[in-house]
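Residue numbering restarts at 1 for every chain, and letters A, B, ... go by the order of the sequence lines.
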Amino acid sequence: MTFAQPKMTARDVSVFYGPKQAVKSVTIDVPTDEVTAFIGPSGCGKSTFLRTLNRMNDTIPAARVEGQIALDGEDIYSAGMDVVQLRARVGMVFQKPNPFPKSIFENVAYGPRIHGLARHKSDLEAIVQRSLKRAGLWDEVKDRLSDSGTALSGGQQQRLCIARAIAVDPEVILMDEPCSALDPIATARIEELIAELRGNYAIVIVTHNMQQAARVSQRTAFFHLGQLVEYDATDTIFTAPKEARTKDYITGRYG
Amino acid sequence: MSSTLVAGAPAIGAEPAARAPTDWRTDAMRGRIRRRYAAERRFRLLGLAAVTLSCGFLLVLLASMLSSGLGGFQRTDVRLSIDFPALNLPVTRGQLRGSGADLALAGAGLQGAVGRAAVQAFGEGGDRYIADRAWLTVRDAVLADPGLLTRRTAIDVPASSGIDAAARGAGRADDEAVVARLEGLRLLSTAINWDFFTRADATDPGAVGIWGALKGSLLTMAVTLLVAFPVGVLSAIYLEEYAGRNRWTDLIEVSINNLAAVPSIIFGLLGLAVFLNTLHLPRSAPLVGGLTLALMIMPVIVIAGRNAIKAVPPSIRDAAFGIGASRIQVVFHHVLPLALPGILTGTIIGMARALGETAPLLMIGMRAFIASPPGGLADPATVLPVQIFLWSDEVSRGFVEKTSAAIIVLLAFLLAMNAAAIYLRNKFETRW
């Protein structure tokens, strides 16, 4: 499935961990201003594929990526692409909340500071405030910005991580099962937040939870055994999947 | 299907027997529980015994060091009556003002005069009761109060090593008799031997000081820390964060692990060959000693550093990379602060080992008799453990206490160094 104006495009992308192939020739377009969900059983390669979109696999020495991935038409694996800038443009939120063991303020300010986005302290403070507000965390932490980020609850930590990601003003946000370590109430907060952020960013979310995919996403891609089986509008995937494997997975036959 | 997964399950197809309720009150059950508690009690007792034993050893060590060593910080003084007008020193009051005063007194023959005064005061052989350097005490008293030269006075001067030993009950019989006589006259007293903290090695056990060796140790440790810490930490960072895993890095890892176990005297030979014979650095100098010990403890710091860096959760690295931090930013902003407590622990262990090390320093000439404290990194020096080794080898009885006193100083140094490192470590300790 392709769009007229995709934010990111992947063509024939394969990922190998040593001799093992984790992702097999995936071709997909990620739309601008919409939420795309990757679903599929454990070990199907959806997280691995997600991590190729901002080259986080570079940090794993054994990982090798083939094929072409482009952000706004620009090949992100080309020699001219700076990985540091790429990761600022394509932010990431991880499965387990991973705030830095620093203050809440420092957690959010770190990205803008290393990328030189704030000229003055007041600019930085404005960015931190705006990011925390967007992440829906400002009211809870505005009086204790100097407290440690690790002292927050799990759900708050994850929203702090989202604030940290959006503080550098990314174009794409990748979320790797962002709610799998959270309780249902915190999960609902994150899902609301994703709905609010939609429209400003291209969001790609990997999830195990099919209801979550149905709730938050407009597009859903189903991965199985490293292959992209089906990619369509979320409504279509959940009501009238074309592939038998998709149907089996959604109806709970396996996974 | 599920029954085959249960260990010891009956053969496929056979019906499992109906489950009978467990009887928890049978004798076998009670016996088993009793034995479990008994095993736990035995283990606790064994642990307690082990801890008591090690604490006991520590207490015995400390008690024996303190009981035999505290005397090393004291000296025996003899009250010496001096009739200055009778000695008729050729020195004028004018000469006693200004900077040349000590020279004037030395030139006037004060040393001989003090000896004569001792003979006068204690009879034939009385000059042997006081230390050779006793006249320095007299000199200082005169410098402090030139008016003394016009009258008869009594000054407490250090006793000779023989009298000092006899006063502690460890001298020769004739000295013991002298001590008994002097004590009868109430002329003996004990004072804190401040000279011990300001002087260096000497042949007379009464005149030795620990400052030379202490300063040597301080300088050597400074060199060791300044070389081993940065090099060790940077190696650990490089190996953990930058170097890939291949045959070469495996080889380096094995080599470092083996280096950490190499006997220290081998490092002394290495230091001798490299620093003295090849680079021609000064012999017996803290610079060379520090470099040699740095080579010795570097593997310890590298290993501890690598383990500490490995223990930093990958999620922190992911978080920093995911926001666009470069590798060096990830390392210095996030990994290193979290790994620092572990790195410091390794450094403490390494430095403590270096501080107590004797063998490698013997190889590079730090066992020489050095009678003045080192002025700098290139001056001949010795260090505390070597000084202890040298003094323990002396025949003179007076060195026994000095050896124990030096051990107390070494232990105090060690405790101070560790306390500083632990303070730093706790300061940097952060949870995640």
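- Of the listed residues (B:R317, B:H334, B:Q329), the greatest number of heavy-atom pairs within a distance under 4.5 Å of chain A belongs to B:H334.
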Distance-only criterion, 3.5 Å: show the donor-acceptor pairs between side-chain atoms of residues 231-239 of chain B and protein atoms not counting sequence neighbours.
unit_1, atom_1, unit_2, atom_2, d
B:S235, OG, B:V231, O, 2.6

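- Judged as a side-chain hydrogen bond (donor to acceptor under 3.5 Å, both in side chains), and not counting sequence neighbours, A:D169 has no contacts.
- Residue A:R51 touches chain B through its side chain alone, counting heavy-atom pairs closer than 4.5 Å.
- The residue among A:D82, A:L86, A:L174, A:T59 with the most heavy atom pairs within less than 4.5 Å of chain B is A:T59.
- Residue-environment remark: CD (A:Q85) stays at or below the threshold of 12 foreign heavy atoms within 6.0 Å.
- Remark: A:R55 is not positioned above the aromatic ring of B:F321, lacking an NZ or CZ atom under 6.0 angstrom from the ring centre and at most 45 degrees off the axis.
- Note: A:H115 leads A:H115, A:Q95, A:K96 in heavy-atom pairs under 4.5 Å with chain B.
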